[in-house]
Amino acid sequence: MEFRFTEDQNELRSQARRFLAAESTAAHVDKAMKTELGYDPDVWARVAGELGWPGLVIPEAYEGIGLGQLDLHPLLEEMGRHVFCAPFFSTVCLGANALLVAGTTAQKQAHLPAIAAGELTATLGYRGPSAPALAEGASAVTLVAEERAAGFTLTGDVSYVVDGHSAGLLIVAAWVGDESSGELGLFALPGDTAGLTRTYLPTMDQTRRLASLRFDGVQLDKDARLTGMEGGRALSVILDLAAVGLAAEQVGAAEACLDMAVEYAKVRQQFGRPIGSFQSIKHICADMLLKVECARSAAFYASAVAAQLMADMEGGKLTEQKGRELAEAASSAKAYCSDAFFHCAGQSIQVHGGIGFTWEHAAHLYFKRAQSSRALLGSAQHHRERVATLLGLGDEA
Amino acid sequence: MEFRFTEDQNELRSQARRFLAAESTAAHVDKAMKTELGYDPDVWARVAGELGWPGLVIPEAYEGIGLGQLDLHPLLEEMGRHVFCAPFFSTVCLGANALLVAGTTAQKQAHLPAIAAGELTATLGYRGPSAPALAEGASAVTLVAEERAAGFTLTGDVSYVVDGHSAGLLIVAAWVGDESSGELGLFALPGDTAGLTRTYLPTMDQTRRLASLRFDGVQLDKDARLTGMEGGRALSVILDLAAVGLAAEQVGAAEACLDMAVEYAKVRQQFGRPIGSFQSIKHICADMLLKVECARSAAFYASAVAAQLMADMEGGKLTEQKGRELAEAASSAKAYCSDAFFHCAGQSIQVHGGIGFTWEHAAHLYFKRAQSSRALLGSAQHHRERVATLLGLGDEA
Amino acid sequence: MDLELTQEQLSFRAEVRAWLAENLTGRFESLKGRGGPGDEHYAVDLRMDWNRVMGAAGWNCIGWPKQHGGRAVPLMEEVIFNEEYVRAGGPGRIGHIGETLLGPTLIHFGSAAQQQKYLPGIVDGSEIWCQGYSEPNAGSDLANIQTTAELKDGKWVIHGQKIWTSLAPWADYCFVLCRTDKSAQKHKGISYLLVPMRQPGITIVPIEQITGGSEFAEVFFDGATTDEDNVVGAVNDGWRVAMGTLAFERGASTLAQQQQFQKEFDLVVAAAKRNGASKDPVLRQRIADAWIGLKIMRLNALRTLSVDSTELGREASFAKLYWSNWHRDFGELAMEVLGAESELALPPAEHGPYELTTLQKSFLFARSDTIYAGTNQIQRNIIGERALGLPREPR
Amino acid sequence: MDLELTQEQLSFRAEVRAWLAENLTGRFESLKGRGGPGDEHYAVDLRMDWNRVMGAAGWNCIGWPKQHGGRAVPLMEEVIFNEEYVRAGGPGRIGHIGETLLGPTLIHFGSAAQQQKYLPGIVDGSEIWCQGYSEPNAGSDLANIQTTAELKDGKWVIHGQKIWTSLAPWADYCFVLCRTDKSAQKHKGISYLLVPMRQPGITIVPIEQITGGSEFAEVFFDGATTDEDNVVGAVNDGWRVAMGTLAFERGASTLAQQQQFQKEFDLVVAAAKRNGASKDPVLRQRIADAWIGLKIMRLNALRTLSVDSTELGREASFAKLYWSNWHRDFGELAMEVLGAESELALPPAEHGPYELTTLQKSFLFARSDTIYAGTNQIQRNIIGERALGLPREPR
């Protein structure tokens with residue numbers, strides 16, 4: 001039994017940290033987040049070209065590097081740590097994962113090589129703007145796909161789509177027929193499909209873009225539907241994989257908040273001594289450390305379960321039990337890491353005092369990212385409720 | 001507008017503090033809590049004879065002192081502060097209040113003078129042992145009163161009755177007919193009524209006695225039913241008044257925890273200085289102070305609303321609005337004071353370190369009392385949910 | 001205890017309400033609900049006009065003694081005025097630093113000449129003040145200020161840097177803590193100077209904050225001057241004057257603030273009812289808890305107002321800690337109630353490049369509440385040492 | 001990362017499981033699930049028998065080197081043993097202080113003679129140790145101990161008082177921190193002595209604790225003696241030895257403790273299902289949160305076990321703070337889930353005058369978890385200073 005990062009994973013982390021320390025500085029972030037695109041396409045081209053990150057978890061059969069979700073973990077931690085503005089999370093954690101889970105071989109062949117090469121960005125949308133605030137996953141879907149002889153007609157709205165205004169490939173969840181059918185379909189379509197209107201949505205956290213998609217009777221061919229796995233189950237697995245990725249990001253970001261606070265507490269003097277020598281500040285930092293490392297345990301374990309599930313799936317032996325394990329691990333990690341990151345981001349501001357809430361200091365970027373990550377893919381409350389259900393609470397009568 | 005204690009109330013508090021400092025020492029409490037009765041009858045006789053406390057809120061028409069619920073507040077704070085073991089809460093806050101709210105003039109005449117004189121103790125029972133954990137008030141009642149020509153036959157169980165094994169007068173809530181009738185009745189009966197079995201229940205908090213009552217076809221006359229107010233409404237008002245009283249007790253007890261912790265932090269030396277000079281301990285104490293004073297504001301306000309309601313009721317002009325105000329104030333106070341007392345009792349142990357969890361030190365008495373007070377008359381969660389309902393949340397659709 | 005208003009108080013309230021209904025209209029309509037904390041730089045010129053209208057009608061400084069231009073109303077009337085003002089949507093008071101901090105300081109510590117020169121402009125609403133206390137290295141440790149003032153040819157010549165100064169670009173004057181005796185011990189050798197803001201030698205650099213707004217500024221003094229007699233209290237006795245200023249706040253405005261929070265709370269309840277969060281038992285708990293906390297904030301303030309000023313109760317010692325933590329937690333709750341929607345800022349067409357909703361601003365700005373005017377840590381020290389008598393840390 | 005057991009580990013587990021199934025029966029049946037923290041004084045004599053049975057079968061001290069009587073199994077096997085032991089309901093190990101604290105200390109710091117004299121009794125389960133560290137005025141500030149030992153005629157003569165000593169009435173020996181040079185600075189001049197408990201000059205006074213039990217005792221030394229060579233390490237170098245003792249704990253038992261907590265957690269889930277609390281969304285949140293916390297406790301321990309001992313990760317620094325706070329919060333949750341029933345102790349007929357349920361004991365005893373073996377405050381200091389490198393407080 002071994003529960004630690006391998007040498008290779010540590011090397012990947014070091015590589016990522018070197019690159020991002022140079023290419024995702026506060027100045028880069030500030031510049032990127034003020035553009036509507038939300039990232040620097042030149043940096044993204046280098047990420048794909050020099051580093052090959054978009055293809056990291058794409059199998060070699062589809063021209064990727066063929067590593068697993070567990071290797072993604074240190075990379076995502078570093079992206080969180082540097083508030084990296086890039087379509088990585090949308091393209092890899094949402095888009096590529098959706099194709100890997102639910103795509104047919106032909107669909108994978110059609111899109112994954114382009115994603116791995118960095119030529120195609122992608123994302124997944126599922127939440128309708130009118131869905132109840134607490135609905136999540138399938139129950140938040142309001143888009144409808146009417147089945148025709150030649151394919152499908154999609155009508156309705158999807159919102160809160162990460163990088164939805166710029167992604168080259170959109171994957172959306174829709175009720176086939178209507179919601180009462182209970183049949184959920186996943187559909188892949190190019191971002192410039194006729195009848196589709198995409199609107200960029202300004203957000204409180206400017207480091208991750210959201211968009212809304214209006215489907216005005218969009219006509220899709222039959223083969224736009226991802227049929228590699230039943231739609232409802234596939235959406236659940238994809239969102240779990242994405243939650244695991246987001247949790248890893250949150251760990252790195254939380255640790256950045258801790259590190260900033262500790263460094264500041266060591267040098268900032270008040271009353272003739274470093275503020276970190278006062279118990280109030282020292283204990284705030286100690287509690288942050290605890291949360292960061294606990295978050296890391298939860299997220300890293302969830303990444304391991306995700307990696308096993310993907311391996312099982314490739315081997316054609318995905319079990320109910322494994323899906324349940326992933327759900328449990330993903331929801332635990334997302335709930336814990338969301339709260340941990342938010343806690344650390346808030347406490348980092350508190351330790352920094354006045355400068356902590358200025359625009360000039362990076363603390364606010366983390367704080368806003370903590371809030372947006374917390375709201376994305378279901379609140380901590382939603383995920384805890386899911387854990388309670390998985391524990392069998394409430395089944396007894 | 002004035003929101004402070006009057007001279008008379010401060011005088012009552014001083015009197016109570018003097019008496020209880022002498023008669024409710026740690027040694028007294030330890031002795032009383034090891035008896036099955038749970039209090040010292042001689043001290044109780046003096047409380048009634050010398051001080052007249054049992055008659056404090058009983059109108060002069062019934063041979064009481066005729067003060068209001070607001071005057072009860074400082075007295076209850078002091079009883080909480082000294083963990084006073086006596087049937088005061090049961091007799092006055094539950095029993096006498098039940099008669100005042102729901103009794104007919106004849107029923108008041110029959111019992112209140114004896115209560116005021118200290119000759120009769122009383123209590124109220126409503127919760128069935130099989131009621132769901134989260135049910136409270138009427139929905140926790142399982143006892144049934146079958147109506148006969150000559151009166152009522154009571155069958156079933158009531159549990160968690162404060163001082164129920166020793167009270168001279170029992171007031172119990174029961175469904176008239178059966179639960180589906182939706183008609184709740186309150187019944188007064190002597191503790192030694194035939195067919196009634198009373199069992200003392202050992203509790204984690206030994207400073208307040210609970211008992212269970214088994215009604216094995218107990219025959220009561222028609223005039224045993226309290227008909228001064230509709231039973232369901234009456235039970236709600238009585239439990240609110242009791243919750244307000246309990247909240248006042250919690251404030252005094254919480255303050256005792258704070259005071260003990262502060263005194264200890266001033267004298268206990270570690271690392272060559274008083275532990276209260278360390279920020280960690282100092283800040284714990286500061287947060288306790290905040291909670292104590294906020295609890296006092298909430299409870300004192302609730303006492304004021306209770307006093308107004310009782311005055312309105314005596315004047316025959318009790319409105320729906322006033323009942324609602326009491327519900328809001330009582331639930332707010334009970335929720336906040338429960339948490340505040342629990343917090344302070346726990347933190348007081350923490351500040352005391354090792355000796356804080358010994359039997360010899362009084363800290364454990366407060367901690368157990370905090371837990372039992374929190375569970376009594378509905379959890380903080382129950383009361384917050386009630387506040388949410390009163391705010392109209394969830395009514396919209 | 002008596003929680004009812006007297007007949008006089010009821011008619012005072014009616015008077016305030018009527019005046020506001022009649023005057024806070026027309027061109028001032030756009031000010032409603034704006035200009036509070038986190039938004040203090042909003043529409044400053046129009047708010048200065050409004051301040052003069054208030055002054056002309058005698059509504060500024062109503063608690064001041066009559067000889068200084070006030071109405072000498074009792075504290076409870078001040079409370080009533082503030083509550084009505086918030087209820088009517090009255091904008092953040094642009095003159096509040098003059099009215100609540102500098103004015104009382106001058107009334108208590110100032111010379112007759114200073115009172116005559118500076119108080120009328122506050123009362124009539126024509127002159128705006130800002131505060132020069134904090135410095136980059138003097139935050140929690142305020143006595144560590146390094147800004148100096150030297151007397152040369154009958155003028156104080158000032159060098160140094162102040163930070164977190166609200167309204168600096170619009171202020172006519174600033175009260176500035178300066179070190180006037182470098183050889184003295186930390187808390188000694190500080191003087192309290194009144195300095196005109198519109199002069200060479202003063203540079204104002206706005207600080208962009210977490211919300212994207214710039215409520216605060218840095219103020220650089222590079223040889224700015226003020227007349228010798230613009231020192232309040234004795235030279236080198238400014239620390240005592242500054243601490244006095246902080247004590248003048250006695251809770252009248254806390255109630256107005258509580259009502260401001262109530263407005264934000266109502267927004268959250270409305271959002272919860274709209275999006276279904278009001279039916280969620282977990283969020284219901286948190287909303288009820290916030291409501292109870294808000295109610296207690298009000299009750300605490302009423303208790304503070306009900307004691308004689310000579311025996312300030314312990315409930316006054318934690319007001320800042322209490323409201324700032326309540327507001328911080330409330331901001332978080334607001335975002336949870338909004339769910340996914342919590343991320344959506346205002347649409348770009350109508351608004352600037354980064355314009356947040358009221359609740360988003362509240363959520364973000366609340367993070368500064370637990371820092372400015374004494375951090376949570378400092379507040380807990382003060383409560384522990386002053387209200388509970390716990391020993392100070394060895395220094 | 002590999003979370004699967006190896007083939008060797010699986011068969012080791014099977015061996016442990018089989019032995020426990022066969023031996024933890026009959027007269028030992030009554031010990032199941034008893035004797036843990038808060039209950040250490042339960043059925044001590046029978047547990048001493050059990051300890052000898054364990055010893056005879058070679059299950060005590062399995063991680064020790066073979067030359068000292070252990071099996072030298074790897075850390076993961078120790079974990080597996082502990083987990084199986086808890087799963088089988090194995091009682092609190094009466095010899096744990098000898099096995100986990102004194103033994104490793106002697107192996108590391110002791111003389112060959114000391115090792116030969118004292119280790120066999122721990123391994124075979126015949127001798128029980130207790131710890132003499134804390135004193136009334138040396139709690140968090142352990143180095144402030146005042147108990148003295150003076151060398152007279154080849155014997156250390158000891159005077160003073162120790163407190164919070166578990167198992168004192170049953171122990172054969174105590175390792176005692178004594179001041180042996182009063183003129184030296186605080187952390188110097190302390191020696192680590194091995195003292196027989198059954199002698200005149202030692203008085204043991206049990207301390208009744210919050211649960212009504214008496215797990216701890218005060219130990220008074222009034223001229224008790226021990227041989228000159230019963231000092232571990234050099235005279236006056238005992239502080240270093242004592243700190244070494246504390247470092248031997250590396251998480252193997254944390255996993256067993258986590259599993260003990262899991263058993264308590266299961267009791268709460270069962271209660272929730274029985275009384276309907278499991279359907280309450282607010283309590284469901286808290287139960288799920290506790291479960292996640294418990295899972296993380298296990299994951300943290302696995303991480304600690306997976307690193308080389310030379311590079312102990314930061315996740316080891318907060319294990320105590322984490323589990324004690326988890327357990328404190330869990331106790332509170334347990335009471336909330338039980339509701340009104342949380343008050344009911346065990347019926348008096350069958351039980352003593354004050355006999356609490358398992359969950360009540362856990363709830364109460366958890367309040368000491370955040371205090372003993374380093375309070376929360378001390379733990380946060382250690383994390384801040386050692387793991388984060390923050391400066392110490394000026395002393």
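In the text below, chain A, chain B and the rest are named by the order of the sequence lines, each starting its count at 1.
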What donor-acceptor contacts under 3.5 Å connect chain A and chain C, backbone and side chains included?
from     : atom 1 : to       : atom 2 : distance (Å)
A/Ala133 : N      : C/Asn275 : O      : 3.4
A/Pro202 : O      : C/Ala345 : N      : 3.0
A/Met204 : N      : C/Glu343 : O      : 2.8
A/Met204 : N      : C/Glu343 : OE1    : 3.4
A/Met204 : O      : C/Tyr354 : OH     : 2.5
A/Asp205 : N      : C/Glu343 : OE1    : 3.0
A/Arg268 : NH1    : C/Pro136 : O      : 2.6
A/Arg268 : NH2    : C/Pro136 : O      : 3.1
A/Gln270 : OE1    : C/Gly139 : N      : 3.1
A/Gln270 : OE1    : C/Ser140 : N      : 3.0
A/Gln270 : OE1    : C/Asp141 : N      : 2.7
A/Gln270 : NE2    : C/Asn137 : O      : 3.1
A/Phe271 : N      : C/Asp141 : OD2    : 2.7
A/Gln350 : OE1    : C/Thr370 : OG1    : 2.6
A/Gln350 : NE2    : C/Thr370 : O      : 3.0
A/Gln350 : NE2    : C/Gln377 : OE1    : 2.8
A/Phe357 : O      : C/Ile210 : N      : 2.7
A/Trp359 : N      : C/Glu208 : O      : 2.6
A/Lys368 : NZ     : C/Ile210 : O      : 2.6
A/Lys368 : NZ     : C/Tyr354 : OH     : 3.2
A/Arg374 : NH1    : C/Glu332 : OE2    : 3.1
A/Arg374 : NH2    : C/Glu332 : OE2    : 3.1
A/Gln381 : NE2    : C/Asp280 : OD1    : 3.2
A/Gln381 : NE2    : C/Asp280 : OD2    : 2.7

C/Ile207 and A/Ile355, any side-chain heavy atoms less than 4.5 Å apart = no
Take the angle between the ring planes of C/Phe365 and A/Phe357 and call it parallel below 30°, perpendicular above 60°, tilted in between.
-> perpendicular
Heavy-atom proximity to chain A below 4.5 Å, by part of C/Ala138 = backbone
Partners of A/Tyr336 by ring pair (Phe, Tyr, Trp, His ring centres under 6.0 Å), sequence neighbours excluded?
-> none
Distance-minimising heavy-atom pair for A/Ala133 and C/Val337 = CB-O, 4.1 Å
What is the minimum heavy-atom distance between A/Pro202 and C/Leu346, and which atoms define it?
-> CG-O, 3.6 Å
Who wins among A/Ala375, A/Gly353, A/Pro132 for the most heavy-atom pairs under 4.5 Å with chain C?
-> A/Gly353
Among A/Leu377, A/Leu201, A/Ile349, single out the residue with the greatest number of heavy-atom pairs under 4.5 Å to chain C.
-> A/Ile349
With only heavy atoms counted, which part of A/Ile275 is less than 4.5 Å from chain C, the side chain, the backbone, both or neither?
-> neither
